[in-house]
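By convention in this document, chain letters (A, B, ...) are assigned in the order of the sequence lines, proteins followed by strands, and residues within each chain are numbered from 1.
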Number of protein chains: 2
Amino acid sequence: MRATRRGQGGVTVQDVARAAGVSAMTVSRVVNGGHNVRESTRLAVVEAIDRLQYKPNPAARSLAVGEATQIGLLYANPSAAYLSQFLIGALAAARRAGCHLVLEPCEGESADEQAEATRQFAGADVQGVILPPPLCESEPVRTELAAAGIPSVAVAMGRHEAGTFNVRIDDFEAAAAMTRHLIDLGHRDIAFIRGHPNQVASAERHRGFVHAVEAAGLDPAAMRVEPGYFTYRSGLAATERLLRQRPRPTAIFAANDDMAAAAVGVAHRQGLHIPRDISIVGFDDVALATNVWPELTTVRQPIAQMAETAVAMLLARLRKRGGGDAAEGEELIVPHELVVRESTAPPPRDAAHR
Amino acid sequence: MRATRRGQGGVTVQDVARAAGVSAMTVSRVVNGGHNVRESTRLAVVEAIDRLQYKPNPAARSLAVGEATQIGLLYANPSAAYLSQFLIGALAAARRAGCHLVLEPCEGESADEQAEATRQFAGADVQGVILPPPLCESEPVRTELAAAGIPSVAVAMGRHEAGTFNVRIDDFEAAAAMTRHLIDLGHRDIAFIRGHPNQVASAERHRGFVHAVEAAGLDPAAMRVEPGYFTYRSGLAATERLLRQRPRPTAIFAANDDMAAAAVGVAHRQGLHIPRDISIVGFDDVALATNVWPELTTVRQPIAQMAETAVAMLLARLRKRGGGDAAEGEELIVPHELVVRESTAPPPRDAAHR
DNA sequence: GTTCTGGATGTTAGCGATAACCTAAAGCGC
DNA sequence: GCGCTTTAGGTTATCGCTAACATCCAGAAC
């Protein structure tokens, strides 16, 4: 008899089938949802499965179904903390589905570079692509994907657009909640540092801020707003401009944590105590938020979970191909959370002298 | 005729074989190293491959060879920046080999938690495990892996131990180089903030520091050394202790960037200008290093590349199983790089008054 | 010339799972 | 009771690739 190539004693459907007294096909049916299987049979199979500790072989499965095995992830250096969370979630979902994640870095802001990076995917036969911010809003990337006929799902694209797929939090509402937190503490002079002007999320966060200010009966026009780019450096510059003015704002709301961390740095250098002299808050809850002193009050986005959801949505979309080309798009909004740490407090009493 | 399940027109070995006028097996041989194939045949096949844009199907391959399809990665929240780089590298190598990466978080420092997390792998049939710091030095983890018979490769385990597999930089030499940089600038009073006492890398970096100090003819005993834990918070405490003393050190060498960033924060709060009044340097070159002002002079570890190498080493080791159980261990040292940014300068002239 | 040797290639038989098809019994309306 | 649909399950044929074995043939060895 020929030498068998049988691997290191992995349990297969056949083994389970034998143990449960059914055919391999029935086991397969049980594993994948169990339609058209009698309850008693199903139980017998399930019992056999965990008695033998059966784990389906993902390679065999994806070979058999001939489905997506590679999904792309185009990233452009958002904060490293963001990326690692994102990868963790995406990887978990990809593995569950038995498909590989193909990473493609896209440094460079030019349209050419972005298009070039996107084109890599077409050559690498990925069946779909996940787009974390900020690339989800890049025109060249989307054009190129459309040209190659590769479906994509965006994550944290600020606002829904018809025909696109997107997973995000409600930036507007989250920013409003954060603003209310500051107002509730007694702040009446809150400065806002905006995010990158090309990202819809920046505008949404700002809108949420304005909305909450108005809702509290305050005048939005009285609040100082500085431009920013979501980078540490831009936060530095914005805060310097703000703190040069008198009276100083009693609170600064930066549209992300990187800029908030920068604000903390500048405030410290000017001898201000946080939060006694000034409150500073961020947005995103990346690791950086707890790597400054004091730790930042911020808004947590469930990044890993969002990535997971996005992958699942992409796979669902790929599977549906053929059923109907339902290109109507889909949006999923996941819950956020206000995380109050140590960088916020009521405004100083002698606000007049500040 | 039965409906075929043939997927979306993917090119297969058969197609290539037909185009090149050879058998599928020959194509397979060419793709995998091409032993025992005549040069002329090889060229014909290669030509056909890239004319048809053939990409081997990884699922089919790993099903056929019955090889490792899952390799584990046990992580314990090192800095997020470290993790994302690590994942990028590991993922690239895993995909090339057609195998999946199974992530397992291991929060918690207790032996029980670590053992428990490790045990997850045994149940998930991963064939090998990659261990980034600090878990690569965890006794419970290693015991548990050994018990389950799962081979592992460590990354950045500070020093080589017989019988283990490891990829790292030369922490000793890197720390010495950094110290020489400070000495060359004119510093004679350099404080050192150590890393976590349980990690060998901490000791190595400190040894490198001491060695360079001695080599320059200075007295190591005169240099202040503070304990630390590689965390931002511990860096904060250590720096506060250091800067309370007079005379202040003219330079602080923190054993990683997180602690160096903390040192920058404390120095700023005390009104010191960096690098004019004091130089501060870190180690690792994670993203945080450029997210403080001024950007940190530090040592770059090629993290992604190290992870890639580790995965490759692990796979080689798994394949070799059966040939010989060569348990002699292996170590690979990759080059590091001193990155001089803006946080270092010559010591202040009036050092006497500091 | 014959046998041996080893390199270059083809052939066959899986790897583990599932799609598509088939079968047998049960349910159902009339 | 008869055909018809539905349900529960088995059979068979792949998916794409490669290990193991078989074959062929040129040159070496005798």
Side-chain angles (χ1 to χ4, degrees), chain A residues 1-18 20-45 49 52 54-70 97-100 125 319 322, chain B residues 1-18 20-45 49 52 54-70 97-100 125 319 322:
Chain A
M1 181 187 154
R2 244 170 202 218
T4 173
R5 275 192 266 153
R6 187 65 178 293
Q8 41 271 46
V11 182
T12 76
V13 258
Q14 302 294 345
D15 301 327
V16 177
R18 214 161 9 235
V22 298
S23 78
M25 198 58 225
T26 301
V27 175
S28 172
R29 275 192 270 258
V30 169
V31 172
N32 307 320
H35 298 302
N36 286 6
V37 175
R38 205 178 335 176
E39 186 58 15
S40 60
T41 317
R42 204 182 66 75
L43 286 178
V45 172
I49 285 178
L52 299 182
Y54 166 70
K55 314 264 177 212
N57 178 326
R61 191 210 294 265
S62 62
L63 177 57
V65 301
E67 238 169 27
T69 56
Q70 317 232 77
C99 66
H100 292 259
D125 95 310
R319 260 185 270 279
Chain B
M1 180 189 157
R2 246 172 198 215
T4 173
R5 275 193 265 154
R6 188 67 179 294
Q8 41 270 46
V11 182
T12 76
V13 256
Q14 302 294 344
D15 301 327
V16 177
R18 217 165 3 236
V22 298
S23 76
M25 197 58 226
T26 301
V27 175
S28 172
R29 277 192 268 260
V30 169
V31 172
N32 308 318
H35 297 301
N36 287 7
V37 175
R38 203 180 337 183
E39 185 59 13
S40 61
T41 317
R42 206 184 64 76
L43 286 177
V45 172
I49 285 178
L52 298 181
Y54 167 69
K55 315 264 175 208
N57 178 327
R61 188 211 297 265
S62 61
L63 177 57
V65 301
E67 237 171 25
T69 56
Q70 317 232 80
C99 65
H100 292 260
D125 95 312
R319 262 185 270 279

I need the A/T41 OG1 to A/E39 CD distance, nearest 0.5 Å. 9.0 Å
Which part of the nucleic acid, if any, lies within reach of A/S62 when heavy atoms closer than 4.0 Å are counted: base, sugar-phosphate only, or nothing? nothing
Find which nucleotide of DNA chain C each of B/A60 and B/R29 is nearest to by heavy atoms, and output the residue with the more 5' nucleotide. B/R29
Enter the distance from A/Q70:CD to A/S62:OG here, rounded to the nearest 0.5 Å. 10.0 Å
With rounding to the nearest 0.5 Å, note down the distance linking CZ in B/R38 to CG in B/L43. 12.0 Å
Under 4.0 Å between a side-chain N or O of A/N57 and OP1 or OP2 of C/dC15? no
Using whole Å, what does the distance between atom P of nucleotide D/dT18 and atom CG of B/L63 come to? 11 Å
Just to confirm, is there a sub-4.0 Å distance from OP1 or OP2 of C/dG16 to any side-chain nitrogen or oxygen of A/T12? no
Phosphate oxygens OP1/OP2 of C/dA8: is one of them under 4.0 Å from a side-chain N or O of B/N36? yes
Between B/Y54 (OH) and D/dC17 (C1'), how many Å, whole number? 7 Å
Atom-pair distance (NE2 on B/H35; C1' on C/dG6), nearest Å: 16 Å
Rounded at 0.5 Å granularity, tell me how far NZ in B/K55 sits from OG1 in B/T12. 15.0 Å
Considering only heavy side-chain atoms of B/S23, the closest of C/dG16, C/dT11, D/dG9 is C/dT11
Any base atoms under 4.0 Å from B/V22, or only sugar-phosphate, or nothing? Heavy atoms, all strands. sugar-phosphate
Between P on C/dT9 and CZ on B/R38, what's the gap in Å once rounded to a whole number? 4 Å
Distance below 4.0 Å between A/T26 side-chain N/O and D/dG10 OP1 or OP2: yes
Rounded distance (Å) that lies between atom C1' of C/dA20 and atom CE of A/M25: 9 Å
Rounded distance (nearest 0.5 Å) linking atom NE2 of A/H100 with atom NE2 of B/H100: 3.5 Å
Integer-rounded Å distance: C/dA17 P and A/K55 NZ: 13 Å
Tell me: CZ of B/R18 to C1' of D/dG16, nearest whole Å? 13 Å
Interatomic distance where CD belongs to B/Q14 and C1' belongs to D/dT14 [whole Å]: 12 Å
